[in-house]
Amino acid sequence: MNILILGSGGREHALAWAVKQNPKCDRLIVAPGNAGIAMLAECADIDILDGATVVTFCEENTIDFVIVGPEAPLAAGVADACRAAGLLTFGPSVAAAKLEASKAFTKEICDACAAPTAAYARFTEAEPAKAYIRQQGAPIVVKADGLAAGKGVIVAMTEAEALAAIDDMFGGEFGAAGAEVVIEEFMAGEEASFFILTDGTNALPIGTAQDHKRVGDGDTGPNTGGMGAYSPAPVLTEALQQQAMDMIVLPTIREMARRGTPYQGVLYAGLMIENGRARLVEYNARFGDPEAQVLMMRLGAQALDLMLATAEGRLAEAQVNWADDHALTVVMAAKGYPGAYARGSVINGLDRMPEDSRHMVFHAGTTLRDGLVTANGGRVLNITARGATLEEAHHRAYAMIDLLDWPEGFCRSDIGWRALPE
Ligand code: AMP
Ligand code: GLY
C-alpha cells in the first residue's frame, strides 16, 4: 500500500523507519520530512495544516493510508478532512483531539468519568484567578488552556511565580491559548508516559516510556520538548498500567464515545505516580517526541499493522508481540537550545554510525545543503539504541555519540538515570 506520514521530526522519522520495514508498505511519502527521512522515504513539501491540500495530494499519489504525526494538523482538522474524503487515516478528529488541545476540556472529561487527576479551577479573568492562588498557596500549577507548543505550563513553587504567570497568560504571552487558564493542585511523584491505541471502542496498550524534560544533567535548567527517553518505564508496573487503564484510559474512551466524539488514534497519557497510585497529568493526541523513537525501536514493523487495525476499527483482534528488551534515545540539540541557537552547522560522522535493528539515528531537525547534513532546528538528532537491558541500550547509544563529529551540538549525559543501576 501507499502510505503518507505527516510531520518532520524525530517522531516521524521513527514512524517512517518502522512502517518501511513492513512488507505491506509499497511506497512511503513523508510530508514535509527532513534529511534523515529522505534517506528512506520520499519527502513532499506540502502545507500539512491544510486539509484540502493534503486530500488533493493523497488523491494525486493514490495514498491508501495517512498517519498524522504532530498535534497541529490534528487540531487543524486534517484527519477529519482525510476521513471525509474516504481516506483511511490514523489520528483523532478535531473534536477528539481536544483532549490535547484544551486542558479545561480534559478536566471536564476527567470529572465526567471520575478519573483521578489534580484538583483544579478554570478562569477567564486575572483577579479571580489570583484570589484562588492566594487562597490555595504554593506550590501550584498554572496552565494556558490551549496549545502553546509545550510552553503553556508553569509549575510555580512560590505564590509570586504563580501570580506572575497569571499576568503573563492574560497579558497575551500565549495568544488565544491563554484566554482561559486552568489552575491545578501540584502533584508530587514520578512522571511516566503510557501509550494506548484505540479505535474508539477497543483499547490496546502499546508501551510505556519516560522522558527527560529539563535541558541539563540531573534534571536542571529550563524545560524542553524532551532531551531523551527510554522504554519501558519501570515505574509503570503491570499493576499500575492496569489501574491506569481501568480508572483513567477506558473511562475516558467510553466518555468520548458517549458524547458522539469517539477517539481514534494513539492516546498518550502523562501520569504522575505516587504511593502506588496513578493520576492523570495530561493527555496528548499523538505519539510523544522523543518517546515514539524508543517505542518504534521496540515495536518495529508491527507498528504499521497496529496503526492499520486502529484506523480500521479492528483493535479487538490485535495484539502486541513484545521482545523483552529496552530502548533508549539521546537527543542531540544545537547549543543554546531551548533558548536561541544557530542553524546551518554541518554534522559529520553520521556515516560512521551503525544503523540496524539495535542502532538508529533518527533525525529531528536536519536539512541537506550541498549534499551535507546540516542542523536546522533546536532538537537535531535522536541517537537511539536497543539492548537486552537498559544499561546495554544506554552504552550503545552513548558509544554512537562518541562517533559523532558535531561541535555545535550537545546532549545530556545521564539519559535513563532514574532506571539505571547506580
Ligand atoms: P503538561 O503540558 O500538562 O504535560 O505539563 C508539562 C509538565 O508540567 C508536565 O510534564 C509535568 O512535569 C508538569 N505538571 C503539569 N501539571 C502538573 C501538576 N498538576 N502537578 C505537578 N506537575 C505538573
Ligand atoms: N516528549 C513530550 C511530548 O512529546 O509531549
Side-chain angles (χ1 to χ4, degrees), residues 7 9-12 14-15 69-72 74-75 97 99-107 110 115-122 133 136 138-157 161-162 165 169 174 177-178 181-195 207-215 219 222-231 233 235 266-274 277-296 329-331 333 338 362 364 378-379 382 412 415 418:
R11 167 182 45 216
E12 287 74 28
L15 289 168
E71 63 275 22
L74 294 169
L99 282 178
E100 172 163 3
S102 166
K103 299 194 187 285
F105 177 76
T106 297
K107 288 301 200 182
C110 286
T117 184
Y120 74 103
R122 305 162 59 160
I133 288 168
Q136 297 289 317
I140 194 160
V141 182
V142 180
K143 301 185 174 186
D145 175 62
L147 290 179
K151 297 188 184 77
V153 175
I154 308 296
V155 180
M157 297 319 282
E161 242 180 297
M169 287 185 191
F174 301 104
V181 163
V182 175
I183 303 179
E184 277 188 16
E185 165 200 0
F186 172 81
M187 293 188 285
E190 187 170 344
E191 254 183 292
S193 307
F194 190 24
F195 296 87
T208 61
Q210 238 168 336
D211 83 350
H212 299 62
K213 291 213 159 82
R214 301 299 192 99
V215 76
D219 291 337
N223 262 318
T224 69
M227 292 301 292
Y230 55 96
S231 171
V235 64
V266 60
L267 189 60
Y268 160 170
L271 302 173
M272 190 67 81
I273 315 298
E274 192 190 27
R277 193 161 82 110
R279 288 198 285 171
L280 184 74
V281 178
E282 60 157 358
Y283 280 127
N284 291 308
R286 47 165 176 92
F287 284 107
D289 189 344
E291 292 91 331
Q293 288 79 318
V294 284
L295 287 179
M296 291 304 130
T329 189
V330 182
V331 171
F362 295 119
R379 294 190 295 172
N382 311 135
R412 274 181 65 161
I415 299 304
R418 277 178 197 278

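In listed order, ligands and their atoms are each counted from 1. Note that these values count all heavy atoms, side chains included, but never hydrogens, waters or copies made by symmetry. The structure presented is a predicted model; accordingly, all values stated were derived computationally and were not measured.
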Please report the closest heavy-atom contact between G207 and F194, naming both atoms and the distance. O-CD1, 3.7 Å
Using a strict cut-off of 4.0 Å, indicate which atoms of ligand 1 neighbour a heavy atom of K213. 10 (O)
Is there a donor in the side chain of Y268 and an acceptor in the side chain of E291, or the other way round, less than 3.5 Å apart? yes
When you measure from atom 12 (O) of ligand 1 to each heavy atom in E191, R214, R279, E282, which option holds the nearest one? E191
Heavy atom under 4.0 Å from ligand 1: found in M187's side chain, backbone, both, or neither? both
Checking R379 side chain against D289 main chain: does a donor-acceptor pair fall under 3.5 Å? yes
Donor-acceptor check, side chain of E100 to backbone of A97, threshold 3.5 angstrom: yes or no? no
Do side-chain atoms of R412 reach the backbone of V330 as a donor and acceptor pair under 3.5 angstrom? no
Between V153, V141, V281, T117, which one has a non-hydrogen atom sitting closest to atom 8 (O) of ligand 1? V153
Any idea which part of E185 is under 4.0 Å from ligand 1, heavy-atom wise: side chain, backbone, both or neither? backbone
With A119 via side-chain contact (heavy atoms from CB on, under 4.5 Å) - residues at least two apart: E185
Is it the case that K107 and T117 place a side-chain donor and acceptor less than 3.5 Å from each other? yes
Would you mind listing which atoms of ligand 1 come within a distance below 4.0 Å of any non-hydrogen atom of K103? 1 (P), 2 (O), 3 (O)
Filtering I154, T106, V155 for the heavy atom nearest atom 23 (C) of ligand 1 leaves V155
Checking D145 side chain against K103 main chain: does a donor-acceptor pair fall under 3.5 Å? yes
Give the atoms of ligand 1, by number and element, whose distance to some non-hydrogen atom of K143 is under 4.0 Å. 3 (O), 15 (C), 16 (N)
Per-atom contacts of ligand 1 with F186, taking only distances under 4.0 Å to non-hydrogen atoms: 20 (N), 21 (C)
In the structure I gave you, are the side-chain heavy atoms of L271 and V281 within less than 4.5 Å of one another anywhere? no
Every pair of nitrogen or oxygen atoms between ligand 2 and the protein that is under 3.5 angstrom apart - can you list them with their distances to 0.1 Å?
unit_1	atom_1	unit_2	atom_2	d
ligand 2	1 (N)	D211	OD2	2.9
ligand 2	1 (N)	G225	O	3.1
ligand 2	1 (N)	D289	O	3.0
ligand 2	1 (N)	E291	OE1	2.9
ligand 2	1 (N)	E291	OE2	3.3
ligand 2	4 (O)	R286	NH1	3.0
ligand 2	4 (O)	D289	N	2.9
ligand 2	5 (O)	R286	NH1	3.4
ligand 2	5 (O)	R286	NH2	3.0

For the residue pair T329 / N382, report whether a side-chain donor-acceptor contact shorter than 3.5 Å exists. no
